[in-house]
2 protein chains.
Amino acid sequence: MAGWEAIRTEVLARIRSRAWPLGTLIPTEAALAQEFGVARATVNRALSELARAGVLERKRKAGTRVAALPVRKATLDIPVIRAEVEARGEVYGLRLLRCDLAQPPVPVLARLGQDVGEMLHIETLHLASGRGFALEDRWLNPAILPTPLPDFAAISANEWLVAHVSYASGDISFAAEPASDAAAAALGIAQGSAVFVTERCTWAPDAPITWVRLVHAPGYRLSTVL
Amino acid sequence: MAGWEAIRTEVLARIRSRAWPLGTLIPTEAALAQEFGVARATVNRALSELARAGVLERKRKAGTRVAALPVRKATLDIPVIRAEVEARGEVYGLRLLRCDLAQPPVPVLARLGQDVGEMLHIETLHLASGRGFALEDRWLNPAILPTPLPDFAAISANEWLVAHVSYASGDISFAAEPASDAAAAALGIAQGSAVFVTERCTWAPDAPITWVRLVHAPGYRLSTVL
DNA sequence: ATTGCTATTATGTCTGCACATATTCCAAAG
DNA sequence: CTTTGGAATATGTGCAGACATAATAGCAAT
């Protein structure tokens with residue numbers, strides 16, 4: 001028995017086999033290190049990994065216990081849309097529908113948490129092999145943009161941002177909604193169809209960067225392994 | 001400059017400030033360790049963390065480079081439904097709609113990847129303060145169940161499983177769909193409404209455990225910080 | 001030009017030790 | 001009885017050094 005992965009596997013096996021039931025305290029790192037004949041650091045690595053996965057709960061002095069209600073943590077990759085389209089073997093394209101300065105609506109301001117005056121409003125239709133793939137509605141803080149503006153008809157705002165703007169934090173959420181008239185028309189689907197919607201918000205340390213809402217064409221699926 | 005978190009922060013700052021542009025090779029661990037005056041292991045910890053977050057790409061011998069297309073990785077917590085309902089300050093309830101042995105339909109078999117004959121088919125309506133919260137359609141491998149069967153009218157199959165069955169792997173996916181007649185009726189919504197659907201599949205090392213599909217009531221949102 | 005071996009090199013992991021830090025527990029003081 | 005103030009202890013992090021492993025690059029032979 002050597003290697004932190006082997007130890008992680010063994011510990012996981014004991015949890016799964018109920019040798020260490022849910023909610024119980026497991027032996028200390030030192031004890032496990034001795035049992036497995038490895039350094040404590042190796043046990044630490046294995047247990048930390050399991051703690052991050054939500055299988056264990058660790059507290060200094062209190063010890064390590066098996067999580068009572070294992071909250072499954074799934075990690076999803078949020079790719080750039082172009083990469084997503086190309087990964088399906090289709091040809092990516094984009095059409096800029098609008099790009100102008102305007103006062104963002106209240107819901108957007110609320111999500112951004114700060115009013116920076118007029119923002120750049122961009123609407124883009126992302127295409128996969130010519131068919132509508134996703135409709136993007138974005139509000140961008142103009143303070144972070146250079147003059148002249150980047151050519152958002154050539155490069156998607158998202159890709160320009162990841163390449164040129166540093167940012168600190170953000171959040172993302174997913175929901176199912178009926179397609180609005182505009183979205184339905186742009187994607188060529190029936191109005192009111194169930195569409196998958198992604199909303200993302202990102203901030204630089206000091207100011208909001210962008211709020212974006214993506215309406216995916218029907219059939220879109222977000223998946224990951226547990 | 002000491003502590004792996006400080007180093008992670010500094011490296012991140014250099015990436016964000018474009019001191020190390022996207023796609024470029026950054027100095028080796030040994031070089032950074034010398035520059036920051038720490039042990040190589042400390043640099044390794046910091047860089048590994050960033051690699052897991054998708055900011056860096058590392059390969060043996062090839063070195064470490066700034067990810068060209070930073071794929072944002074978001075981690076979602078998949079809670080037990082009861083916990084989710086109670087976290088909203090509502091009262092959880094469940095209604096068992098059906099529970100019988102049957103041959104699973106082909107799509108379910110396809111997802112499970114293996115035919116184990118008849119499976120236990122369970123339909124449950126999860127309630128939040130009496131209102132429909134989610135409709136669960138589940139197929140369970142009877143081989144993993146005890147006799148007599150657990151009382152799935154008292155405890156949800158999901159909770160029983162996390163408490164009694166060990167499992168190895170699984171996957172999960174999310175999509176937007178129109179509500180089927182049955183789902184609409186159970187949740188008390190208009191037929192065809194856009195609903196958020198979660199599909200999960202789990203396997204023990206040797207055999208499939210369960211396939212489950214959750215139709216969430218409209219308004220459901222899955223969110224996380226980036 | 002292509003294939004196959006080898007030396008090189010950067011990261012991955014381990015060890016054994018040390019100190020830091022958070023938290024529990026118990027005992028003494030009020 | 002409550003509060004306060006230490007020990008005691010388990011995890012978190014650090015260091016220096018070592019070997020393992022993967023992947024590259026260069027060279028040689030076909």
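Chain letters run A, B, ... following the sequence lines, proteins first and then strands; every chain starts at 1. In what follows, every heavy atom counts, from backbone to side chain, and hydrogens, waters and symmetry copies are set aside.
Spacing between atom CD1 of Ile26(A) and atom P of dT11(D) amounts to 8 Å, rounded to whole angstrom units. Arg65(A) has its CZ atom 13 Å from the C1' atom of dA10(D), to the nearest Å. Distance Glu57(A) CD to dA10(D) P: 18 Å, rounded to the nearest Å. Rounded to whole Å, atom P of dT13(C) lies 6 Å from atom CD of Glu5(A). For the pair Arg60(A) CZ and dC25(C) P, the interatomic distance rounds to 18 Å; values are reported in whole Å. A straight line from CG of Leu25(A) to P of dC25(C) spans 11 Å, rounded to a whole angstrom. Across the protein-nucleic acid pair, Arg8(B) atom CZ and dG14(D) atom P stand 11 Å apart, rounded to whole Å. Separating the CG atom of Leu47(A) from the P atom of dG12(D) is a distance of 8 Å, rounded to the nearest angstrom.
Taking the side chain of Ser48(A) as heavy atoms from C-beta on, and the options dG12(D), dC14(C), dT11(C), the nearest nucleotide is dG12(D).
OP1 or OP2 of dG12(C) sits under 4.0 Å from a side-chain N or O of Arg58(B). Contact annotation: Arg45(B) side-chain N/O to dG14(D) OP1/OP2 distance is not under 4.0 Å. Between Thr64(A) and dT11(D) there is a side-chain N or O to OP1 or OP2 distance below 4.0 Å. Using a 4.0 Å cut-off, no side-chain N or O of Thr28(A) falls inside it from OP1 or OP2 of dT9(D). Contact check, Asn44(B) against dT13(C): no side-chain N or O comes under 4.0 Å of OP1 or OP2. Not one side-chain nitrogen or oxygen of Lys61(A) sits closer than 4.0 Å to the OP1 or OP2 atom of dC25(C).
Ion pairing between Arg40(B) and Glu35(B) fails under the 4.0 Å rule for side-chain N and carboxylate O. With respect to Arg58(B) and Glu29(B), a salt bridge is recorded, a charged nitrogen being found less than 4.0 Å from a carboxylate O. Contact check on Arg213(B) versus Glu199(B) returns a salt bridge, with a Lys/Arg side-chain nitrogen under 4.0 Å from an Asp/Glu carboxylate oxygen.
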Using a 3.5 Å limit on both pairing distances, list the dot-bracket string of DNA chain D from the 5' end; Watson-Crick and G-U wobble pairs count, crossing pairs take [ ], interstrand pairs take |. ||||||||||||||||||||||||||||||
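A cation-pi arrangement, defined by a distance under 6.0 Å to the six-membered ring centre and an angle within 45 degrees of its axis, is present between Arg45(A) and Trp4(A).
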From CA spacing to verdict: side chain to side chain donor-acceptor pair (under 3.5 Å), Arg138(B), Thr124(B): CA-CA 8 Å; Arg138(B) 179 184 294 270; Thr124(B) 311; over 6 Å; no
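Under the 3.5 Å distance criterion, with hydrogens and angles disregarded, no donor-acceptor pair is assigned to the side chains of His126(B) and Ser156(B).
Each of Leu50(A), Thr24(A), Leu25(A) was compared with Val66(A) under the side-chain contact (heavy atoms from CB on, under 4.5 Å) criterion, and only Thr24(A) meets it.
Judged by closest nucleotide on DNA chain D, Ala62(A) is the one of Ala62(A) and Ala41(A) placed further toward the 5' end. Residues Lys59(B) and Ala39(A) each lie close to DNA chain C; by heavy-atom proximity, the contact nearer the 5' end of the strand is made by Lys59(B).
Here the two rings, on Phe196(B) and Phe174(A), have centers that are 6.0 Å apart or farther.
You'll find a donor-acceptor pair under 3.5 Å spanning the side chain of Arg40(A) and the base of dG12(D), going by distance alone.
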